[in-house]
There are 2 protein chains.
Amino acid sequence: MSGRGVTISEVARHAGVAVSTVSYVLSGKRAISTDTRRRVLDSVRTLGYHPNAGARALASKRANVIALVLPLRAGMHVPVLMQFATSVVTAARQYDHDVLLLTADEGSDGLRRAAASSLVDGLVLMDVELHDSRVPLLKELAEPSVLIGFPADSAGLTCVDLDFARAGALCVEHLAERGHREIALLGAPSVVYERGTGFARRTREGFTEAVAQHGLTGVALPCEENFDQVSAEIGELLDTRPGLSGLVVHNEAAVNHVLGALRQYGRRVPGDIAVVAICPDDIAERSSPALTSVLIPAEEVGRQAVRLLMEKLEGRAVPEDTLLQPRLTVRNST
Amino acid sequence: MSGRGVTISEVARHAGVAVSTVSYVLSGKRAISTDTRRRVLDSVRTLGYHPNAGARALASKRANVIALVLPLRAGMHVPVLMQFATSVVTAARQYDHDVLLLTADEGSDGLRRAAASSLVDGLVLMDVELHDSRVPLLKELAEPSVLIGFPADSAGLTCVDLDFARAGALCVEHLAERGHREIALLGAPSVVYERGTGFARRTREGFTEAVAQHGLTGVALPCEENFDQVSAEIGELLDTRPGLSGLVVHNEAAVNHVLGALRQYGRRVPGDIAVVAICPDDIAERSSPALTSVLIPAEEVGRQAVRLLMEKLEGRAVPEDTLLQPRLTVRNST
DNA sequence: CGCCTCTGTCGAAGCGCTTCGATAATCGGT
DNA sequence: ACCGATTATCGAAGCGCTTCGACAGAGGCG
């Protein structure tokens, strides 16, 4: 019942078998008679046995822990990151792994330490920049890793992400179908573009290409995250482009400010201006009007990242790039 | 240089000493001559030695890892939770500990497993409810724990939190000083109150008491998080209480909707209505006007939680309750 | 000058587990 | 009824580290 420091040898004694037999029952790595298995499992249960993680890691050279590397940078939308994080944890548990949380302040040393000490078997990196200082390190590490996001040079790395270029294009296509001819993209704060964060740029590229392809007029602008700046930006946009009738907003923190500013300027959504957002569903649903949006499938991204990492841990080959297809949900803003 | 699987015995050989000597140099648990120490540290550096975490945990019965238990519930403001989380990680590293991330979906079993397998030495629980199912489990665990937040019965537990009652009172005092006589508190979504989350209730109590004490008129209302509901609620509030001139908002997600709604109804802030928020500084600063606010000192809460846990791990006695004092920053909304 | 106390170092015994090779016991085939 | 191939189980050797006790050598004391 208790579980306080029950060891495998106590289980073995209780079940009347050898220590190794218990181990094999638990790991399934050798055939064990149904009878013995049952006895052992009974003992495990009644004694409340939990294998000691350290001992297991030492003997098997597998910690059953993966690292989640999560730098927290300005302008990143935290709830989305958190969705990634939880889905990584949940997925990892499904493979019987736990998750060690590593943040930025330790820098590359943290990764190196966790990997070299065999604290973790592999790494999932989030919020990857185009020129990310952690990427070279990754290549010299023995431990496998998976990136959420794409660095500039992703050769030899395993990367997963939403296809943001496609997401940008999807928004444009939707607006084009609705008959809009002049549109604008309000993206991440400029600091995010300057840092070279991949997803912001890729959305912009997808937007720009699709605008050209559909023969529309369009601008792509960065978008800060406080109300006054958003309001000023929208004001200028409406002034200089009187024909503007569609907006794509790829900035979770600013999207409600955008709606507030449009309200302020007396523009009705979707009557005067249609708005498509790239954001999680809950934000889209909480806005007024509820926003037509392209969902960032955080849950699936995390799950895929873990799946790929597990494959690599098994020594299997995996595709370098995994791009998840975005889906657009129509609500009341277009 | 490499670091790939360098063991303590290789370091010992390289430095020409015994394995135990290397261990003592690294742990400082026995006196070692400066000369030997230098030689050993040199070898450690040139070989790129990192002690194997599993072996260390096995031999020393200390994993040097703490668990961060983070249920993700509806209505919780994620960025604030994330601030707690990062400050816990940062603080833990300062004590040479890593952080294992445990989420809700596994429930109590996750805690039990992590503790019983000696994966972690102690636990930090976040987002504690008044009647939290994890609390009884904690008491039966051998591993020490610290809660961020207070359950209804905190006897025998170590809890840290902002003094939310004081925070609520502080807001009232500030409004009273500014001459407001009739005020309202817009709090968490009703689901959060129903769940019995401590901080929401405590703020409300602090608010209510202070209102009475200062002879003001005041109501405390829950506040949902989508614009239309907030707008309707504000509309009704303005209608039914024409004398209302001050608002306390304790809801990070709704605070911008509140400002939007006031704008919509033509009320000027702070001219017609003064607004005080209880929220992180970045939200207060990004709003328009910048909000007078009481800061939730997430960084300090996390740091204190870890400090207390480390004290407990050392076997030292610690106070059961730690309440951090809120501070009010005056900006442009009052 | 012999005795005792420190200091600095060493060797060895585990920590609890996995895994390899060995050994009984069982079975089908002839 | 005997032999070789399974099948089920066991014992022992580590995995890399910490820690305990032992012990030389240095130094202080009477």
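Just so it is clear: chains get the letters A, B, ... in the order the sequence lines come, proteins before strands, and each one is counted from 1.
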Any chance the side chains of [X] and [Y] put a donor and an acceptor closer than 3.5 Å?
X	Y	answer
A:H14	A:S43	yes
A:T36	A:S33	yes
A:K61	A:S118	no

Using OP1 and OP2 only, check whether a side-chain N or O of [X] sits under 4.0 Å from [N].
X	N	value
A:K61	C:dT18	no
B:T21	C:dT9	no
A:K29	C:dT19	yes

Out of [options], which nucleotide sits closest to the side chain of [X]?
X	options	answer
B:A18	C:dG11, D:dC17, C:dC17	C:dG11
A:S20	D:dC10, D:dG21, D:dC15	D:dC10
B:V17	C:dC10, D:dG16, D:dG11	C:dC10

Whole-Å gap separating [atom2] ([N]) and [atom1] ([X]):
X	N	atom1	atom2	result
B:L58	D:dC17	CG	P	12 Å
B:L26	D:dT19	CG	P	12 Å
B:Y24	D:dT19	OH	C1'	4 Å
A:N52	C:dG14	CG	P	18 Å
A:L119	D:dC17	CG	P	13 Å
B:Y49	D:dT18	OH	P	6 Å
A:L47	C:dG16	CG	P	15 Å
A:N64	C:dC17	CG	P	14 Å

### Contact nearer the 5' end of DNA chain D, comparing B:R30 with B:S23
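Mapping each residue to its closest nucleotide by heavy atoms, the 5'-most match is B:S23.
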
### Query
Which residue lies toward the 5' end of DNA chain D, A:S60 or A:R39, if each is placed at its nearest nucleotide?
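Between the two, 5'-proximity favours A:R39.
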
### Query
Salt bridge between B:R39 and B:D42, side-chain N to carboxylate O under 4.0 Å?
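Judged by the 4.0 Å cut-off on N to carboxylate O distance, B:R39 and B:D42 do not form a salt bridge.
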
### Task
Please determine if B:E140 and B:R112 form a salt bridge, counting it only when a charged side-chain N lies under 4.0 Å from a carboxylate O.
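B:R112 and B:E140: salt-bridged.
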
### Task
Let me know, please, whether B:A55 or B:G16 comes out on the 5' side of the other along DNA chain C by nearest nucleotide.
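This one resolves to B:G16.
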
### Query
Per the atom types in the model, does the base of C:dG8 pair as donor or acceptor with the side chain of B:S33 at under 3.5 Å?
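There is none.
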
